[in-house]
Amino acid sequence: MSQVVTRFAPSPTGFLHIGGARTALFSWLMARQAKGRFLLRIEDTDRERSTDQAIEAILASMRWLGLNWDGEAVYQSRRIERHNQAVDELVRKGRAYWCECPPEEVQAMRDRARQRGLKPKYDGTCREKGLGPGPGRAVRLKTPLSGSTSYQDLVKGPIVVDNQELDDMVLRRSDGTPTYNLAVVVDDHDMGVSHVLRGDDHVNNTPRQITIYRAMGWPEPAFGHVPMILGPDKKKLSKRHGALSVMEYERLGYLPEALVNYLARLGWSCGDKEIFSRQELVELFSVDNLGSSAAVFDLKKLDWLNSQYIQAGDQARLAGLLAEFVNRRTPGAGRAEDLARVVPLLKPRAKTMVEMADKAGFFVADARSLAYDQKAVDRFLDPQAKALIREFAAALEEAAGFSRQALEQAAKSFLDRRGLKFKALAQPVRVAISGAAESPGLFETMEALGRDQTLGRLKRAADL
RNA sequence: GUCCCCAUCGUCUAGCCUGGUCCAGGACGUCGGCCUUUCACGCCGAUAACAGGGGUUCAAAUCCCCUUGGGGACGCCA
């Protein structure tokens, strides 16, 4: 009975960016789809660069995206003893050896090889010396000298590398700490990982790691390498080049489900389908449909997806979110209970929550402090229009109710009595109540604003 | 330098494995139109691609080779 076990193994040297999030998502999907397990391992062996802050940031991002992991996160730094045990075993088995070559010398070897047009690699000076442990000595893997190592990449297909391309990599540094390739193999094995999905930049590491699996006599997991994400200029996305932290997208007003949907479709597809609920993603995901070429991150499409999710979003939830975003701008201004009324009006008009908060501005302002767009005022509030607004306000005072239907009815008879078209009233009133030349529908806006705010604004505008 | 990977509209992609139904489909974007009280939403339409060259074949986006272009890896980093 083989269960699918995948893992995400970030090194906490910075925030979780979009590329890492996508690999995590694919691994998560693969596990959930197969009803297997999705594990998290923090590769914090680089003590210099790893920070607790980065760990927290990564975990926060994963939670926000809804990528829940099974069990406790594994911290690689706590497993050093186990890693060294494996190294010892390899030495005992004769599959690894102690090496006393100083790093500078190895570097010189590499330089020489490169000069001769060869693959830079360690020349195996200590391979047959039969050295034991000692100060300044590292342990190297005895890589097969001939033949080739191959595997079936889940996304790229068959990959074959000549063993002569591989050199005797260091498994244990002279300071006694294990190296990355060794640690990954031991951890993946111990954690029971069956499928390794990771970034493209690891393809070259895979044959090396497979060599370690074989030397240990362990079964190898399946490997899949997902292509990287490019910036708009087709350059690799990096911190200083458009790769934002996942949490930055939250701040920009994107919904997690929209980001997840977008990320899933970046490099993966399922026919012509574009919008996937989390449930659908889990059901339909398959590594077979993963693309093999790099993809450009397109913010415009993310915007579109986000607007789709906003339009379909739950009202109460969006009201809560909207309140948060309004408060980020003007603390204390937004209350979810009040905003619930404006959410339906703003839904089709906002691509992000930030934009929605923006457009909600005039709703949360007070009649006395509402800011008027000067251009709109100049254009639509001439003396004649102001007079009309004053009369309209007076008419509304008499109005029976303040529902959009009642308001529409009131406006209609008001205009009929004067033999005017709706056009004569629309823009002036819009500017009066919203402060701008664009807004949601007039009557729904007045309804959401309520009697006091509407009348207050009409009167104030008439006096501008 | 050596090795590995990649290559369909501006972008994400379907199709490629199992050649013909593809003078290449969908989506975002862009442009135009409709709807309309403004702005959006929505709807309709348009735009635009098989990197190049050789093969194989009756037939190639699909198979093979080469070229070009892009990317990655060559650490006692992860």
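Below, all heavy atoms of this structure are taken into account, side chains as well, without hydrogens, waters or symmetry copies. Being a predicted model, the structure only gives us computed values, none of them experimental.
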Taking pairing as Watson-Crick or G-U wobble with both contacts under 3.5 Å, can you name the mate of [N], or confirm there isn't one?
{"N": "B:C28", "answer": "B:G10"}
{"N": "B:G1", "answer": "B:C74"}
{"N": "B:U37", "answer": "none"}

Checklist outcome for this item: What residues 148-155 of chain A contributes to the RNA chain B interface at heavy-atom separation below 4.0 Å is none
Checklist entry - Going by number, which of residues 420-437 of chain A have a non-hydrogen atom under 4.0 Å from RNA chain B? => result A:Phe422, A:Ala426, A:Gln427, A:Arg430, A:Ala437
Checklist entry - What nucleotide, of B:C5, B:A40, B:C76, holds the atom closest to the side chain of A:Lys156? => result B:C5
Checklist outcome for this item: Winner on side-chain proximity to A:Pro103, out of B:C6, B:A78, B:C76, is B:C76
Checklist entry - How many Å lie between CZ on A:Arg265 and P on B:A27, as a whole number? => result 11 Å
Checklist entry - Given atom CD of A:Glu274 and atom P of B:G29, what is their separation to the nearest angstrom? => result 11 Å
Which part of the nucleic acid, if any, lies within reach of [X] when heavy atoms closer than 4.0 Å are counted: base, sugar-phosphate only, or nothing?
{"X": "A:Ile159", "value": "sugar-phosphate"}
{"X": "A:Gly267", "value": "sugar-phosphate"}
{"X": "A:Glu355", "value": "nothing"}
{"X": "A:Ser11", "value": "sugar-phosphate"}
{"X": "A:Thr13", "value": "nothing"}

Taking only nitrogen or oxygen atoms into account, show me every contact under 3.5 Å that the protein makes with nucleotides 69-75 of chain B, one pair per line with its distance.
unit_1 : atom_1 : unit_2   : atom_2 : d
B:G72  : N2     : A:Asn204 : OD1    : 3.4
B:A73  : O4'    : A:Asn204 : ND2    : 3.1
B:C74  : O2'    : A:Pro120 : O      : 3.2
B:G75  : OP2    : A:Arg110 : NE     : 2.2
B:G75  : O5'    : A:Arg110 : NE     : 3.4
B:G75  : O5'    : A:Arg110 : NH2    : 3.2

Next on the checklist: Can you see if the side chain of A:Thr179 gets near the phosphate of B:C76 - specifically, an N or O under 4.0 Å from OP1 or OP2?
Outcome noted: no
Is [Y] paired with [X] through a side-chain N to carboxylate O contact shorter than 4.0 Å?
{"X": "A:Lys273", "Y": "A:Glu280", "result": "yes"}
{"X": "A:Glu100", "Y": "A:Lys129", "result": "yes"}
{"X": "A:Glu257", "Y": "A:Arg317", "result": "yes"}

Using the [atom1] atom as the point on both nucleotides, what is the distance between [M] and [N], in whole Å?
{"N": "B:C31", "M": "B:A73", "atom1": "P", "value": "39 Å"}
{"N": "B:C16", "M": "B:G25", "atom1": "P", "value": "15 Å"}
{"N": "B:C6", "M": "B:U13", "atom1": "P", "value": "14 Å"}

Next on the checklist: Can you classify the ring geometry of A:His17 versus A:Phe15 as parallel (below 30°), tilted (30 to 60°) or perpendicular (above 60°)?
Outcome noted: perpendicular
Checklist entry - A:Tyr151 vs A:His225 aromatic rings, parallel, tilted or perpendicular, using cut-offs 30° and 60°? => result perpendicular
Checklist entry - Is a donor-acceptor contact shorter than 3.5 angstrom present between the side chain of A:Ser292 and the base of B:C6? => result no
